[in-house]
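For reference, the structure discussed in these notes is given below.
The basis for the numbers below is simple: all heavy atoms, side chains too, and nothing from hydrogens, waters or symmetry mates. We name chains A, B, ... by the order of the sequence lines, and we start the count at 1 in each one.
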Amino acid sequence: MITTQDRRFRLLQRAAQKCAAESGNLLDTLRGREDYQPEFEYFLDLIKEPTAAATERRSGRTAIRLLCIQAPLELIHAAGFQPFRVFSGSHAASALATQGIPALVCPLLRAVLGEMALDKANLSGHPWILPTTCDWVVKLPEMSALTGLPSLPEFHWMELPRLKNDGNSRKRWMDEIWRLKDFLEKTSRHAVTRTALLASIEAYGRAADAFQKLKTSRASGRLSPVWFLLVGNAFFLDAVENWTEQVNRLEKALFAPRVGQNRHARIFLAGSPLVFPNFKLPFLFEEAGLWVVADDLCSSERLFPGKTFIADTSVFGMLSTLAGRYHQGCLCPIFADNDRRINNILGRRPEADFRGVVFEVLKGCHPYDLESFTLEKGLKAQDLKFIRLETDYSPEDTRNLLTRLEAYRATLEEA
Amino acid sequence: MAMTMTRTRYLSGAESKLQEIRWGFQHLSFLVLIYGGRFGIHLGSAVPCFACPFVPGCGGYCYLMGLQGYIGFGMRTLSTPALWAAFGWMVVFVILVAVFGKAWCGWACPFGLIQDWLSAIRKKLGVRERIVSPAAQKHLTRLRYALLLYLVFTPPLVTAGVLPEDFYLAFCNICPGKALLPLFVGETKYLGLNPDNAVTLGLSFTLLFITGGTLVGMFFKERFFCLLCPFLTLIHLLKPLTALGLVKTPNACTGCGSCAHACPMDIEALEEDRADVQHDTCIQCCQCMKACPSHDALNLDFFGVRIVSSSKGGA
């Protein structure tokens with residue numbers, strides 16, 4: 001007789017196989033590309049095993065799980081931990097978390113719940129840090145319980161103020177940063193020293209510099225947007241020092257601009273995060289003849305919103321700067337006063353020379369959905385062609401999206 | 001050594017050399033203004049920064065001293081040459097300010113450099129910098145204006161006999177530059193009390209008190225004395241004439257606040273959505289531009305021509 005437990009086990013087994021196939025197929029596709037170079041192998045290896053356990057093995061540090069990027073990575077690193085971002089673009093994992101939760105849950109969070117179901121053994125012993133960003137993130141523990149997952153082990157909430165340009169909000173966020181420091185010190189059982197914090201800021205500064213070079217390479221056509229996205233996705237899967245070294249190595253080894261790149265129309269990509277193995281859109285962009293020269297995705301360029309300038313090298317001074325950078329400097333649409341986000345896109349225009357903006361919304365991602373309308377208005381006023389794509393992790397809408405993108409490309413050429 | 005170099009680079013975000021050039025320029029200016037006279041260099045009596053005349057062999061005189069002297073002597077003698085000299089130096093001062101604006105404070109002032117040295121020591125020791133809140137800044141602005149008024153109105157009162165002669169160069173007598181800058185040529189006499197009479201005793205005591213307080217303040221707060229300096233106010237009053245200005249492109253700003261964090265004068269107005277962000281306490285040190293991660297969001301214009309702009313790599 002087959003019990004519910006057996007059925008659940010089989011379901012998980014099938015989902016695990018599908019996830020592996022999904023990821024494996026994409027890795028094979030990437031390896032088979034014309035522009036494949038051996039230097040990509042490091043990043044492909046990281047992506048192949050995107051678990052906290054593997055990341056701990058590679059980095060030699062205990063992983064602290066994060067969902068969003070508002071917790072200062074430098075502080076986590078200085079406390080001796082490896083920041084590990086729990087995100088997933090797996091359609092198979094997303095399909096696993098359907099029962100007991102609303103139908104229109106953000107696919108990313110749904111996939112995270114699915115990954116958690118597949119990765120139960122790894123949940124224990126890994127502290128979590130959750131900044132209160134969107135509603136789905138805030139409700140993650142509740143959804144995790146509703147879908148039958150065990151409660152998350154150790155948890156640290158960071159209450160993220162939704163106002164950036166307000167003195168009180170900034171003070172509250174600063175308090176949260178100090179609370180995070182206390183939490184990390186308590187968890188690691190040693191103090192975050194000034195020297196360690198300085199060293200971490202330097203390490204992430206070097207990573208930002210390396211990534212900046214890759215951005216230039218992408219804009220100049222030396223690096224395909226697909227590979228660029230992969231490198232960004234691999235950021236949390238190894239020690240920052242190793243990742244930086246490999247990015248620099250890759251940048252040096254990149255070939256001359258790809259033949260035919262000039263025929264592509266240059267676009268800016270904005271919207272919800274694109275996470276491996278959900279590379280549906282980047283491939284469609286290529287097929288439609290669009291080249292992403294710049295983006296503001298939190299899984300890509302926004303990993304490094306800019307350099308960290310430390311004017312005061314005391315622990316207070318450094319934390320204060322980091323607090324500002326991760327709060328005021330954050331362009332996530334969850335903020336009430338995010339009107340300057342458009343400036344980031346317009347500011348990139350002279351250097352990246354794009355003619356249009358593609359705004360991608362994951363179904364159920366309400367803040368991005370809403371902000372797309374605001375941006376559309378502002379960007380069109382600046383003579384930029386705008387297209388809004390609403391999609392999820394399923395491959396069903398591929399043809400439809402491609403048709404729309406091809407038509408969009410035609411409008412760019414007319415412009 | 002390599003470690004130190006790396007650290008400096010990543011903490012400052014300096015891919016370009018603007019701050020290194022400024023640091024070099026500050027030292028060069030210090031050498032000229034403190035020791036220049038010993039090598040035949042003298043830049044006159046209208047230097048728009050703390051070129052202290054109490055330093056034997058200095059390379060120029062601070063215009064604040066000149067201003068007090070001209071007001072006092074000019075009114076006393078009412079002789080044509082004295083008045084012409086006063087007028088001449090005033091014109092020179094206005095021209096120097098019109099061309100270089102607040103850059104005198106951020107790039108040339110020897111007393112500013114001393115403050116920067118103390119800040120560098122504090123940073124090395126990892127001691128937390130104190131932030132001056134906007135409310136406190138308002139009070140300090142009032143104090144700065146009060147000091148300027150004291151500086152301008154004391155000489156006529158001395159001339160008119162309302163105040164005793166010992167109040168001549170009233171501001172210089174309480175300026176910490178008078179106590180500290182001569183130390184660099186081995187002159188220590190201004191560190192003692194002057195017991196000639198009650199006024200000199202009071203003024204010398206005030207000088208020591210202000211100097212002590214300033215030293216402590218300068219250690220814990222970057223450019224602390226600049227918040228009190230009447231030069232800052234005087235130069236700011238000439239702002240409509242100045243060719244060098246800090247200009248913001250509001251459309252390029254993402255509002256990250258890095259500029260205000262980096263500003264040694266804690267100017268929060270840098271974050272505002274307007275083009276003119278040249279606040280009255282700005283010293284044009286360009287730290288904000290170095291910290292700004294947005295291309296062209298903060299710019300330094302000279303006669304309307306953009307000479308430096310912020311960028312992802314650092315201004």
Inset, instruction - Would you confirm whether the ring centroid of H261(B) sits within less than 6.0 angstrom of the ring centroid of F309(A)? - result: no
Inset, instruction - Scan R218(A), R302(A), R348(A) and name whichever one has a salt bridge (Lys or Arg N to Asp or Glu O under 4.0 Å) with D295(A). - result: R218(A)
Inset, instruction - Give me the contact list for residues 247-257 of chain B versus chain A, heavy atoms only, anything under 4.5 Å, ordered by residue number. - result: K248(B), P250(B), N251(B), A252(B), C253(B), T254(B), G255(B), C256(B), G257(B)
Inset, instruction - Let me know if E268(B) has heavy atoms under 4.5 Å from chain A in its side chain, its backbone, both or neither. - result: neither
Legend entry - R325(A)-T308(A) side chain donor-acceptor pair, cut-off 3.5 Å: yes
Legend entry - Contacting region of D296(B) [heavy-atom separation from chain A under 4.5 Å]: neither
Inset, instruction - May I ask you to decide if K213(A)'s main-chain N or O and S217(A)'s side chain share a donor-acceptor pair within less than 3.5 Å? - result: yes
Legend entry - Portion of R341(A) that has a non-hydrogen atom of chain B nearer than 4.5 angstrom: neither
Inset, instruction - With a 4.5 Å cut-off on heavy-atom pairs, point out which of G347(A), G329(A), P350(A), G167(A) contacts chain B the most. - result: G329(A)
Inset, instruction - Report yes if the distance between the aromatic ring centroids of F211(A) and F228(A) is under 6.0 Å, otherwise no. - result: yes
Legend entry - Euclidean distance, L319(A) CG relative to L75(A) CG, rounded to 0.5 Å: 6.0 Å
Inset, instruction - Taking all heavy atoms of A291(B) and all of A262(B), pick out the closest pair and write down the distance. - result: CB-CB, 3.4 Å
Legend entry - salt_bridge(K123(B), E129(B)) N-O dist < 4.0 Å: no
